[in-house]
Amino acid sequence: MAAEEELGISAPSYLHMFSAFLALEPPDIVISFARDFGGGFITDSVQKCIWHHCIAKSDVKWKGAYLKRFLKKLILEIESSGGVVLDELYEQYASYMISLQDDDASKANSRVLKTISFLFPNESYGTVSCPKSGKLEVQLQCSVNMLEGDTGCSIWPSSLFLSEFILSFPELFADKRCFEVGSGVGLVGICLSYVKASNVILSDGDLSTLANMKVNLELNHLNTGNIKSDSLENHDMVHCVCLPWESASEDNLRSFAPDVILGADIIYNPSCLPHLVRVLTGLLTHEHSNASGPVAYIASVVRNIDTLNYFLALAEKAKLIVTDLTESTEVSNFLPYLRSYNQCSIRLFRIRLASC
C-alpha cells in the first residue's frame, strides 16, 4: 500500500474519483478522475488503489452491472495508452463476464445502491454543519432508470441542489419543523435530519416510493415513524406520510403546521399544478409564532417555461408570494465530482402567504 500512500488518498483527485465511483457516475467520468489522480495516466499505483478501495469492496448484488461496464472501459483505457493492466482487474472482469452474462443481474434487480458524498471544503472545517471526516455520505437505494416509470425512486437534480442548500444554510432549518412535498428517495429529509431540524416529515403520493424511502432512511441509521401512530414530538424520528395532492384535505394539511416546506422538482406536470398550489397553500396556512410566518423553498429545473408560468399564475391567484432566489443565493458546491449534475440548471424559489 506504500505506492498508494505516495499518491495521497486524501487528495481531492482521489476523493473525486472514489466519490464518483460510489455514486455510480458514468465510467468515463470515474476514469477521467483516475487519470487526474495519476498525473495524467492510470498508473499501476492508481490501479491498485481502484482495486483495493473500489472494486474489492463493492457488493455485486447492487452494483454488478455497473462494475462490469466500468472494468471493461477501464481495461480498454489502460491498454489503449500502452499500460499494463493489473492481474486482479483482469481476473475480476473475467469473473463478471461469466457470472453477469447479458447483464442478468441488472434485469433481475431494477434497483441499485448509490452513495452520495457531500464533500465539505477545507474552510468549512469547524463549522456546525461540517462532519469531522469532512464529508457526509448518504446511501440511497434508487431506480436504475428514471424513464421506466419509477420516477419517485430516482435521484433528481433538484433534490441534490436542495440538499446542498440545506447544508449551506443549516441555520434556516435547525430546530424547525420541516415538511417535504414529494420526497422521493428521501435525500432531502436525511440532510434535514443531519442539520438538526426539530421535526422532519416526508411525504409522497406513491406507496412504493414511500416504502423505498423508508428503506433509505434506515440505511442511513434514521428511525422512521408513521404519522398516524407516532407522535410528531418524537424528534429522533423521521415521519413518513402518504399524501396524494389531489385528495389531501385542508384540515389535514394545516395539522402538520410546518415552519419550513420544501419541494424538489415538483413543478413539472401542468395537470398536477392546481393540486400542488392548494397543498402548498394549506401547509402555509396555520398559526405561527414567527411574525414572518411559515416559508416554502422549491428547487426546480425549468424544462418548460409555460409550465413554470402556469404555476406562478396559480400561485398569484392563491395569494402566494413567489420570490426567485436563484441569483441572490450562493449555494456551496458539495458535489464537485457529479459531472452529470449542474447547479446552474436549477432555480430556487421562496414562497410565502401574501398576508405574512
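Residue numbers count from 1 along this sequence. All values below were derived from every heavy atom in this structure, side-chain atoms included, with hydrogens, water molecules and symmetry-related copies excluded.
Annotation: side chain of D259 is not in contact with side chain of F179 (no heavy-atom distance under 4.5 Å). Side-chain contact between I261 and V181: present, with at least one pair of heavy atoms (C-beta onward) separated by less than 4.5 Å. With a 4.5 Å cut-off on side-chain heavy atoms, L160 and L338 count as touching. Using a 4.5 Å heavy-atom threshold, the side chains of I321 and L353 count as separate. With contacts defined as side-chain heavy-atom distances shorter than 4.5 Å, the pair L207/C242 qualifies. L325 has its side chain within reach of Y297: a pair of non-hydrogen atoms, C-beta onward, lies under 4.5 Å apart. With a 4.5 Å cut-off on side-chain heavy atoms, N216 and Q139 do not count as touching. Residues I267 and L276 have side chains in contact (heavy-atom distance under 4.5 Å, counting atoms from C-beta outward).
Considering CD1 of I78 and CZ of F41, their distance stands at 13.0 Å, rounded to 0.5 Å. How far CD1 of I166 is from CZ of F161: 11.0 Å, rounded to the nearest 0.5 Å. With values rounded to the nearest 0.5 angstrom, T281 atom OG1 is found 9.5 Å from L253 atom CG. How far CH2 of W245 is from CG of N269: 8.5 Å, rounded to the nearest 0.5 Å. Here L314 contributes atom CG and L273 contributes atom CG; the two are 6.5 Å apart, rounded to the nearest 0.5 Å. Taking CH2 of W51 as the start and CD of Q92 as the end, the distance is 4.5 Å to the nearest 0.5 Å.
Of the possible polar contacts, none joining the S193 side chain to the G189 backbone as a donor-acceptor pair under 3.5 Å is found. Proximity of a side-chain donor or acceptor of S332 to a complementary backbone N or O of S168 within less than 3.5 Å is not detected. In this structure, the side chain of E180 does not engage the main chain of L262 through any donor-acceptor pair within 3.5 Å. Proximity of a side-chain donor or acceptor of S183 to a complementary backbone N or O of G186 within less than 3.5 Å is not detected. Counting only distance, with no hydrogens or angles, the side chain of S19 and the backbone of S117 share no donor-acceptor pair below 3.5 Å. Proximity of a side-chain donor or acceptor of N333 to a complementary backbone N or O of L335 within less than 3.5 Å is detected. Under a 3.5 Å cut-off, the side chain of S345 and the backbone N or O of N342 do form a donor-acceptor pair. In terms of modelled atom types and a separation under 3.5 Å, the side chain of D265 and the main chain of S300 share no donor-acceptor contact. A donor-acceptor pair under 3.5 Å links the side-chain atoms of S163 to the main chain of S159, judged by distance alone. A donor-acceptor pair under 3.5 Å is formed between the side chain of N212 and the backbone N or O of Q141.
Using cut-offs of 30° and 60° on the angle between ring planes, the pair Y194 and F120 is tilted. The aromatic rings of F37 and Y14 sit tilted relative to each other, their planes meeting at an angle between 30° and 60°. In this pair, Y337 and H16 present their aromatic rings tilted. The plane angle is within the 30 to 60° band.
The salt bridge (charged side-chain N to carboxylate O under 4.0 Å, His left out) contacts involving residues 308-331 comprise D324-R347, where partners must be two or more places apart or lie in separate chains.
Checked against salt bridge (charged side-chain N to carboxylate O under 4.0 Å, His left out), R350 has no partners two or more places apart in sequence or in another chain.
Of all non-hydrogen atoms in E246 and H275, the two that sit nearest each other are CA-ND1, 3.6 Å. For the pair C240 and M213, the tightest heavy-atom approach, listed with the atom from each and the gap, is SG-SD, 4.2 Å. Smallest separation of non-hydrogen atoms from P258 and P294: O-CB, 3.4 Å. Residues A296 and L284 come closest through the heavy atom pair N-CD2, 4.1 Å. Among all heavy-atom pairs drawn from E164 and Y341, the shortest one is OE1-OH, 2.5 Å. Residues L217 and I190 share a closest heavy-atom pair of CD2-CG1, 3.8 Å.
Cluster membership for V84 and Y90, using ILVMFWY side-chain heavy atoms within less than 4.5 angstrom, is not shared. Linking ILVMFWY residues whenever their side-chain heavy atoms come closer than 4.5 Å, directly or via other members, leaves L76 and L89 in distinct clusters. Linking ILVMFWY side-chain heavy atoms closer than 4.5 Å, directly or via other members, places Y310 and I351 in a single hydrophobic cluster. Using a 4.5 Å cut-off between side-chain heavy atoms of Ile, Leu, Val, Met, Phe, Trp and Tyr, with links allowed through other members, L74 and M97 fall into the same hydrophobic cluster. Grouping the Ile, Leu, Val, Met, Phe, Trp and Tyr side chains by contacts below 4.5 angstrom, directly or via other members, places Y268 apart from I298.
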Would you check, one step at a time, whether the test salt bridge (Lys or Arg N to Asp or Glu O under 4.0 Å) holds for E77 with R35? CA-CA 10 Å; E77 170 74 19; R35 282 196 299 268; 2.9 Å; yes
S154 vs S143, test: side-chain contact (heavy atoms from CB on, under 4.5 Å). Steps then yes/no. CA-CA 5 Å; S154 300; S143 173; 3.8 Å; yes
Would F118 and E137 count as a side-chain contact (heavy atoms from CB on, under 4.5 Å) if you check the C-alpha gap in whole Å, the side-chain angles of each, and the deciding distance to 0.1 Å? CA-CA 6 Å; F118 296 93; E137 292 186 341; over 6 Å; no
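The environment of OH in Y93 is crowded: more than 12 heavy-atom neighbours from other residues, nucleotides or ligands sit within 6.0 Å.
The only member of V331, I346, V188, L167 that meets side chain to side chain contact (heavy atoms under 4.5 Å, CB included) when paired with L162 is V188. Checking each of D306, I266, L320, L280 against F311 for a side chain to side chain contact (heavy atoms under 4.5 Å, CB included) leaves exactly one that passes, namely L280.
Salt bridge annotation for D59-K63: absent, with no cationic side-chain nitrogen under 4.0 angstrom from a carboxylate oxygen.
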N/O donor to acceptor pairs below 3.5 angstrom from side-chain atoms of residues 22-34, sequence neighbours left out:
from	atom 1	to	atom 2	distance (Å)
E25	OE1	R339	N	3.0
E25	OE1	S340	N	3.2
E25	OE1	S340	OG	3.2
E25	OE2	S340	OG	2.6
D28	OD2	K73	NZ	3.4
S32	OG	I29	O	2.6

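Inspection of the D206 and T209 side chains reveals an N or O donor paired with an N or O acceptor under 3.5 Å.
F173 has its ring centre less than 6.0 Å from the ring centre of F165.
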